[in-house]
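Below, each value reflects all heavy atoms present in this structure, side chains not excepted, and no hydrogens, waters or symmetry copies. Keep in mind that this is a model prediction, so the values were computed, not measured.
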Amino acid sequence: MPRIIAFDYGTKRIGIAVTDPLQIIATGLDTIHPKDIIEYLKKYLLTEQVEAFVFGDPKQMDGTPSESAQHVKGFANTLKKTFPNIPQHWIDERFTSKLAHQTIMQSGLKKQDRRNKERVDTISATIILQYFMETQRL
């Protein structure tokens with residue numbers, strides 16, 4: 001079975017999470033600089049089948065698009081042009097960074113390790129992917 005990849009897009013880093021081949025578990029995969037993401041995905045797709053891309057949809061508390069929404073939409077458009085056969089899905093990402101920080105705090109990591117922003121981005125992508133998988137099971 002092909003995997004599903006989720007992204008927590010940021011202008012400095014993109015957190016990436018992926019499902020296992022059976023699409024049961026979401027796991028953090030990597031954190032990549034935006035300029036390197038296309039090459040990274042091309043290499044990844046040489047060895048793995050991917051069924052869909054999932055993006056965190058950045059919204060304000062009132063549901064309107066946040067400042068970063070235009071960047072995420074641009075990123076999604078670039079992926080659509082580069083990988084036109086991979087469907088795209090959007091999941092509301094409000095609170096994912098907060099949940100990622102809480103997860104890290106509860107993990108027992110040392111203070112130095114908890115400050116790792118790349119870890120937050122990867123965990124955020126994992127939360128986005130897990131939420132997507134749960135909505136698909138309903």
Once you round to the nearest 0.5 Å, how far does [atom1] of [X] lie from [atom2] of [Y]?
X	Y	atom1	atom2	answer
Lys35	Ile37	NZ	CD1	11.5 Å
Ile91	Glu134	CD1	CD	10.0 Å
Lys42	Thr82	NZ	OG1	6.5 Å

Please walk me through it: do Glu51 and Gln23 pass side chain to side chain donor-acceptor pair (under 3.5 Å)? CA-CA 10 Å; Glu51 178 178 302; Gln23 298 182 6; 3.1 Å; yes
Other ILVMFWY residues reachable from Leu22 by side-chain steps of under 4.5 Å: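 For the cluster that includes Leu22, the remaining residues are Ile24, Ile25.
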CZ of Phe75: more than 12 outside heavy atoms within 6.0 angstrom?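 Counting other residues, nucleotides and ligands, CZ of Phe75 exceeds 12 neighbours.
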Test side chain to side chain contact (heavy atoms under 4.5 Å, CB included) applied to Lys73 and Asp57, step by step: CA-CA 9 Å; Lys73 301 283 185 205; Asp57 192 5; 3.9 Å; yes
Answer yes if [X] and [Y] sit in the same cluster of Ile, Leu, Val, Met, Phe, Trp and Tyr residues linked by side chain heavy atoms under 4.5 Å apart, and no otherwise.
X	Y	result
Trp90	Met133	no
Phe83	Phe132	no
Ile5	Val72	yes
Ile123	Leu29	no

Quick one: which of Ile14, Ile16, Leu45 gives a side-chain contact (heavy atoms from CB on, under 4.5 Å) with Tyr40?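 Going through Ile14, Ile16, Leu45 one by one, the side-chain contact (heavy atoms from CB on, under 4.5 Å) with Tyr40 is satisfied by Ile16 alone.
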Knowing that exactly one of Val54, Leu129, Leu41, Ile128 qualifies, which makes a side-chain contact (heavy atoms from CB on, under 4.5 Å) with Phe7?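 Of the listed residues Val54, Leu129, Leu41, Ile128, the side-chain contact (heavy atoms from CB on, under 4.5 Å) partner of Phe7 is Leu41.
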Short question: side chain of [X], backbone of [Y] - any donor-acceptor pair under 3.5 Å?
X	Y	result
Thr19	Ile4	yes
Thr126	Gly28	yes
Arg3	Val50	no

Smallest separation among heavy atoms of [X] and [Y], with atom names:
X	Y	answer
Gln130	Ala26	OE1-CB, 3.5 Å
Gly56	Pro58	O-CD, 3.1 Å
Ile86	Lys80	O-NZ, 3.8 Å
Gly15	Ala125	O-CB, 3.4 Å

Using the ring centroid of each side chain, check whether Phe55 and Tyr9 are separated by less than 6.0 Å.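 No, the ring centres sit 6.0 Å or more apart.
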Quick check: do Ile38 and Leu79 have side-chain heavy atoms less than 4.5 Å from each other?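 Contact flag for Ile38/Leu79 side chains = yes.
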